[in-house]
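Reading through the structure tokens given below for one structure.
Position 1 is the first residue of the sequence; numbering continues from there. Just so it is clear, the values below take in all heavy atoms, side chains as well, and ignore hydrogens, waters and symmetry mates. Values in this document were obtained by computation on a predicted structure and should not be read as measured data.
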Amino acid sequence: ANIEIQILNYSEMKKLLCIIAFSLCAIASGVSQPVSSGKSTILINNKPVSETKAAPGTVENVMPAAMAATAASLPVGAGKYYALIIGINDYADPNINSLDFCIRDAEAFYNAVTSFYTFEKENVKFLKNATMSDIVTSLDYFAKVVKPNDSFLIFYAGHGVWNKASETGFWLPSDARKNSTLNWFRNSALRDYLREVNSKHTLLITDACFAGSIFKTRAAFSDAELAVNKLYELPSRKAMTSGTLTEVPDQSAFLKYMIERLNANKEKYLSSEQLFSSFRIAVINNSNVIPQYGEIKDVGDEGGDFIFIHK
């Protein structure tokens, strides 16, 4: 018989070798190879993937469950962080004692939140020796600019007064007079503003005498913790203060330890309750006050929490 020999050119030979090599690799491996396009998954060969491997088209979750839920649920970047920071040392009325450290503490707090957390400086008002007009004008401003998905923080360090007869608490702006309440800023007025500022979360931090009068419940500290994403979902109106219905010292252990914790924190998400619990015992052990944490009365708290987001 005649044998016909066909001579392949270089291009044809190259194709043939590629086909043979691919076939040998497929036979040797015998394992299906998942290829994901992001929308659908194609399996080369039909042998099931080992049960120890992740299912095709999925990515193994290496984050803790709570953190993964948080990252998925928190609308990071969707809302802005606003703050009104007030520190008052000097009072026009000589019958009201001046303070030494309130502006210093307020400045330290300002530096902490603008340096390490998502408070842009253009969204923060820092009032030194604020008058009644300064406080009201600033709250009017935030009531207009804060949107329902934003977070709003108020920090106050200065004198506070408690009227036992009327059960009313006050802040004393720098132009307050001892013998007239005309320029005393009432807790009830603050609550009205907190209703008007339509934020997702509002946190009030006060270091003043009798600051605990703002609370719905005075012994509001709770050891129970919820997932951060659940706390973020629900609206909140929380406060932490340096004491209850008592006088507090000018040299504040409350602010000292709180600012230390803010500066030292490395967690991406920090709830206000977690922050409070991290320094509460240190304050009690190193001062004569018992700091308080809880919901602000009658302003729309629904059980959520203010979340500090680390840069």
> After noting the C-alpha distance and the side-chain angles of V299 and L190, does the key distance pass the side-chain contact (heavy atoms from CB on, under 4.5 Å) rule?
Replying inline: CA-CA 10 Å; V299 292; L190 178 60; over 6 Å; no
>> Determine whether K238 and D305 satisfy the following criterion, salt bridge (charged side-chain N to carboxylate O under 4.0 Å, His left out), listing intermediate values before the conclusion.
In response: CA-CA 7 Å; K238 296 291 194 293; D305 202 351; 5.3 Å; no
> Between Y193 and I154, is a side-chain contact (heavy atoms from CB on, under 4.5 Å) present by the stated rule, with each step listed?
Replying inline: CA-CA 11 Å; Y193 274 109; I154 302 175; over 6 Å; no
> For T241 and D207, what are the C-alpha separation, side-chain angles and deciding distance, and is it a side-chain contact (heavy atoms from CB on, under 4.5 Å)?
Replying inline: CA-CA 6 Å; T241 72; D207 184 38; over 6 Å; no
>> Let's go through L262 and F116 carefully: what are the C-alpha distance in whole Å and the side-chain angles of both, what is the deciding distance for side-chain contact (heavy atoms from CB on, under 4.5 Å) to 0.1 Å, and is it a yes or a no?
In response: CA-CA 8 Å; L262 282 171; F116 302 117; over 6 Å; no
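Grouping the Ile, Leu, Val, Met, Phe, Trp and Tyr side chains by contacts below 4.5 angstrom, directly or via other members, places L127 with L194. The hydrophobic clustering, which links ILVMFWY residues whose side-chain heavy atoms are closer than 4.5 Å, places I103 and Y156 apart. Both I86 and V145 are members of a single hydrophobic cluster when ILVMFWY side chains are connected at heavy-atom separations under 4.5 Å. In the hydrophobic cluster analysis, where Ile, Leu, Val, Met, Phe, Trp and Tyr join through side-chain heavy atoms closer than 4.5 angstrom, L275 is grouped together with I309.
With rounding to the nearest 0.5 angstrom, the CZ atom of R280 is 10.5 Å from the CG atom of N285. Atom NZ of residue K128 and atom CD1 of residue I85 lie 11.0 Å apart, to the nearest 0.5 angstrom. Atom CD1 of I290 and atom CD1 of I281 lie 9.5 Å apart (nearest 0.5 Å). Residue N179 holds its CG atom at 6.5 Å from CG of N95, rounded to the nearest 0.5 Å. L231 contributes atom CG, which lies 13.0 Å from atom CZ of F306 (distance to the nearest 0.5 angstrom). Distance check, rounded to the nearest 0.5 Å: CG of D93 to CG of D175 gives 10.5 Å.
Contact detail for S287 and V283: the closest heavy-atom pair is OG-O, 2.6 Å. Contact record, E295 with D301: CG-OD1, 3.3 Å, taken as the closest heavy-atom pair. Nearest heavy-atom pair across T114 and K311 is O-NZ, 2.7 Å. Closest approach of P173 and M132 over heavy atoms only: CB-N, 3.4 Å. The shortest non-hydrogen separation linking I96 to A176 is CD1-O, 3.5 Å. Summarising the geometry of R261 relative to A282, their closest heavy-atom pair is NH2-CB, 3.8 Å, with the distance given to 0.1 Å.
A donor and an acceptor atom, one from each side chain of Q274 and S271, are located under 3.5 Å apart. Defined by atom type and a distance below 3.5 Å, a donor-acceptor pair is present between the side-chain atoms of Y293 and S272. A side-chain donor from one of T131 and D134 sits under 3.5 Å from a side-chain acceptor of the other. No side-chain N or O of N129 forms a donor-acceptor pair with one of Y91 less than 3.5 Å apart.
S174 contributes a side-chain N or O that, together with a main-chain N or O of A130, makes up a donor-acceptor pair within less than 3.5 Å. The closest donor-acceptor contact from the side chain of N111 to the backbone of E107 lies under 3.5 Å.
Two residues are said to be in side-chain contact when any heavy atoms from C-beta on lie closer than 4.5 Å; C102 and H159 fail this criterion. A heavy-atom distance below 4.5 Å is found between the side chains of F119 and L153. By the 4.5 Å heavy-atom criterion applied to side chains, I205 and F254 are counted as neighbours. Side-chain contact check for V161 versus T181: every heavy-atom pair is 4.5 Å or farther apart. Between F155 and F126, every side-chain heavy-atom pair lies at or beyond the 4.5 Å cut-off. A 4.5 Å side-chain heavy-atom check between M240 and M258 finds at least one atom pair inside the cut-off. Residues I284 and P291 meet the side-chain proximity criterion, which asks for heavy atoms closer than 4.5 Å. Within the 4.5 Å cutoff, the side chain of S98 has no heavy atoms near those of the N89 side chain.
Each of Y232, Y81, Y82 was scored for a ring pair (Phe, Tyr, Trp, His ring centres under 6.0 Å) with H201, with one residue passing: Y232.
Counting non-hydrogen atoms of neighbouring residues, nucleotides and ligands closer than 6.0 angstrom, the NZ atom of K144 reaches no more than 12 such neighbours.
A cation-pi arrangement is found for K125 relative to Y141, the charged atom lying closer than 6.0 Å to the ring centre and inside a 45° cone about the ring normal.
Note on D150 versus K147: no salt bridge recorded, every NZ/NE/NH1/NH2 to OD/OE distance being 4.0 Å or above.
Less than 6.0 angstrom separates the ring centroid of F152 from the ring centroid of F142. Here the two rings, on F279 and F276, have centers that are under 6.0 Å apart.
A perpendicular orientation is assigned to the rings of W184 and F170, their planes being inclined by more than 60° (bins at 30° and 60°).
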